[in-house]
Every structure is written in structure tokens, then in C-alpha cells.
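Here the structure is laid out as C-alpha cells; the discussion comes afterwards.
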Amino acid sequence: MLIGELSRRTAVSTRLLRYYEEQGLITSRRLPNGYRDFPEDAPETVARIRGLLSAGLSTEVIRDLLPCAEGTAPNLEACPSVIGALRAEAEGMQRRIEALSRSREAVLRYIAEARPAAEDPAPAPGRPEAASAGRA
DNA sequence: ATTCTTACA
DNA sequence: TGTAAGCA
């Protein structure tokens with residue numbers, strides 16, 4: 001199916017769909033006119049990708065584990081090697097959580113020991129304005 | 001009307 | 001990621 005249909009059926013923008021392909025998460029063939037032609041089961045693959053992405057996995061690990069996982073969300077069948085990779089990911093996350101916790105405690109410590117200053121310093125002059133920081 | 005690539009915000 | 005440009 002064409003990218004437009006896949007986009008409608010998955011509610012994922014064509015932009016993102018092309019990005020997923022670029023990252024090796026999904027594949028497609030090319031029609032004579034150059035248009036991408038996705039497999040009929042592409043919608044399911046995209047759903048699986050979204051779930052894995054929501055779990056905080058990188059496109060890199062998803063790429064390696066995708067070909068060996070059937071089903072979606074919480075109920076997916078995975079090969080032993082995939083389970084091992086996920087276990088390693090979880091451990092890596094745990095280490096990051098611990099490192100972040102130490103950082104947070106360090107920051108909290110600064111607050112606790114900080115003594116009330118008189119005034120805030122004057123704003124730094126002329127620098128490239130950092131626009132909106134909010135990321136969706 | 002749709003998709004494609006490239007590139008900037 | 002969105003969006004715009006210039007094609008096919």
C-alpha cells in the first residue's frame with residue numbers, strides 16, 4: 001500500500017513513516033513511478049514500533065529486535081535473543097536512573113545549603129535567543 | 001491528487 | 001517533526 005494509506009491507517013505522519021524506513025524499522029519496495037509500496041502487514045509493524053518506542057527503546061535496538069517479535073504492546077512473542085537484549089536495556093535504564101538520582105540529590109543539596117541572595121544578577125546581554133523549549 | 005527528495009525551522 | 005519548494 002502507498003504511504004498515504006499507511007499513514008491514514010496508523011495515524012502516523014508520512015514524514016515519520018519515511019523516517020522509520022530511513023532508520024531501518026520498516027521496509028518498502030518501489031513502484032515503477034518511484035512511489036513506496038509497503039507490505040500489507042505494515043500497519044501491524046508500525047503499531048509494534050510505536051509500542052517499543054513508547055517503552056523508551058531506541059530505534060537502534062528496535063531495529064534489531066523487530067524481525068524477531070510478533071504481536072503488539074504488552075503481549076508480544078519474542079525470541080530468546082530479544083529477551084536478552086531487552087533485559088540489557090532495562091539494566092542500562094536502571095543505571096541511568098541511579099545516575100540521575102545522584103544528580104538530583106546533588107542539586108537538592110545545593111538548594112538546602114543555599115543562603116538567600118540579595119538580588120538576581122542582571123540578564124546576560126545579547127546572545128542567540130533560545131526560543132520555545134517545550135518539546136512534544 | 002499524491003508522492004518524492006532535500007533542506008530549513 | 002512540520003513544512004516548503006520543485007518535480008514527476
Side-chain angles (χ1 to χ4, degrees):
Chain A
M1 68 180 82
L2 298 183
I3 196 170
E5 186 184 345
L6 180 57
S7 178
R8 287 194 302 280
R9 298 178 28 173
T10 61
V12 172
S13 70
T14 59
R15 174 75 169 82
L16 204 45
L17 253 16
R18 293 194 184 95
Y19 179 68
Y20 287 165
E21 181 184 55
E22 189 177 83
Q23 296 304 298
L25 270 34
I26 52 179
T27 60
S28 77
R29 308 174 25 148
R30 292 286 177 156
L31 266 23
N33 59 14
Y35 287 13
R36 264 169 272 251
D37 181 32
F38 294 95
E40 291 308 300
D41 67 334
E44 298 163 38
T45 301
V46 173
R48 231 168 298 157
I49 291 172
R50 305 204 76 191
L52 267 3
L53 240 26
S54 294
L57 297 177
S58 67
T59 57
E60 184 189 335
V61 314
I62 294 177
R63 181 193 313 138
D64 301 327
L65 121 194
L66 212 49
C68 189
E70 205 65 40
T72 315
N75 311 311
L76 79 175
E77 305 169 32
C79 303
S81 61
V82 165
I83 294 177
L86 292 179
R87 188 163 285 139
E89 276 300 308
E91 288 176 3
M93 290 175 176
Q94 184 60 59
R95 280 193 291 281
R96 284 189 289 164
I97 287 173
E98 289 162 2
L100 236 198
S101 289
R102 286 194 293 280
S103 293
R104 188 184 74 103
E105 281 164 21
V107 170
L108 255 26
R109 221 169 290 134
Y110 276 110
I111 295 175
E113 295 173 28
R115 65 203 130 71
E119 297 292 317
D120 283 341
R127 280 180 36 194
E129 195 62 57
S132 57
R135 283 348 185 181

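As the structure is a prediction and not an experimental result, all values here were calculated from the model. Only this structure's heavy atoms are used, side chains among them; waters, hydrogens and symmetry mates stay out.
- Residues in residues 76-111 of chain A take part in these disulfide bond (SG atoms under 2.5 Å apart) pairs, two or more places apart or across chains: A:Cys68-A:Cys79.
- As judged by a 4.0 angstrom heavy-atom cut-off over every strand, A:Ser13 is placed among residues touching the sugar-phosphate backbone only.
- Summarising the geometry, the separation between CG on A:Leu2 and P on B:dT3 is reported as 6 Å, rounded to the nearest angstrom.
- Contacts of residues 17-30 of chain A with DNA chain B (heavy atom under 4.0 Å): A:Arg18, A:Arg30.
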Can you list, pair by pair, the side-chain donor-acceptor contacts under 3.5 Å of residues 1-14 of chain A, counting residues two or more places apart and other chains?
unit_1	atom_1	unit_2	atom_2	d
A:Glu5	OE2	A:Arg9	NH1	2.7
A:Ser7	OG	A:Val12	O	2.6
A:Arg8	NH1	A:Gly4	O	3.4
A:Thr10	OG1	A:Leu6	O	2.7
A:Thr10	OG1	A:Val12	N	3.4
A:Ser13	OG	A:Leu16	N	3.1

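- With a 4.5 Å cut-off on side-chain heavy atoms, A:Val61 and A:Leu52 do not count as touching.
- The side-chain contact (heavy atoms from CB on, under 4.5 Å) check on A:Arg96 picks up A:Met93, with sequence neighbours excluded.
- Linking ILVMFWY residues whenever their side-chain heavy atoms come closer than 4.5 Å, directly or via other members, places A:Leu86 and A:Leu53 in the same cluster.
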Could you go through nucleotides 7-9 of chain B and list every protein N or O atom that sits under 3.5 Å from one of its N or O atoms, giving the distance for each pair?
none

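- Scanning DNA chain B for stems, defined as runs of 3 or more consecutive Watson-Crick or G-U wobble pairs whose donor-acceptor distances all fall under 3.5 Å, gives the following ranges: B:4-9 with C:1-6.
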Name every donor-acceptor pair, under 3.5 Å, that has one atom in a side chain of residues 18-28 of chain A and the other anywhere in the protein, sequence neighbours excluded.
unit_1	atom_1	unit_2	atom_2	d
A:Glu21	OE1	A:Arg36	NH1	2.6
A:Glu21	OE2	A:Ser28	OG	2.4

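- The side-chain contact (heavy atoms from CB on, under 4.5 Å) check on A:Gln94 picks up A:Ile97, A:Glu98, with sequence neighbours excluded.
- Here side-chain hydrogen bond (donor to acceptor under 3.5 Å, both in side chains) pairs that include residues 54-67 of chain A, with residues two or more places apart or in two chains, number zero.
- Note that CZ of A:Arg48 and CG of A:Asp41 are 7.0 Å apart. Values are rounded to the nearest 0.5 Å.
- Shown here are the side-chain contact (heavy atoms from CB on, under 4.5 Å) partners of A:Arg104, two or more places apart in sequence or in another chain: A:Leu108.
- In this structure, A:Leu100 stands alone, with no Ile, Leu, Val, Met, Phe, Trp or Tyr side-chain heavy atom under 4.5 Å from its own, directly or through other members.
- Within residues 34-42 of chain A, the residues that place at least one heavy atom under 4.0 Å from DNA chain B are, in residue-number order, A:Gly34, A:Tyr35, A:Arg36.
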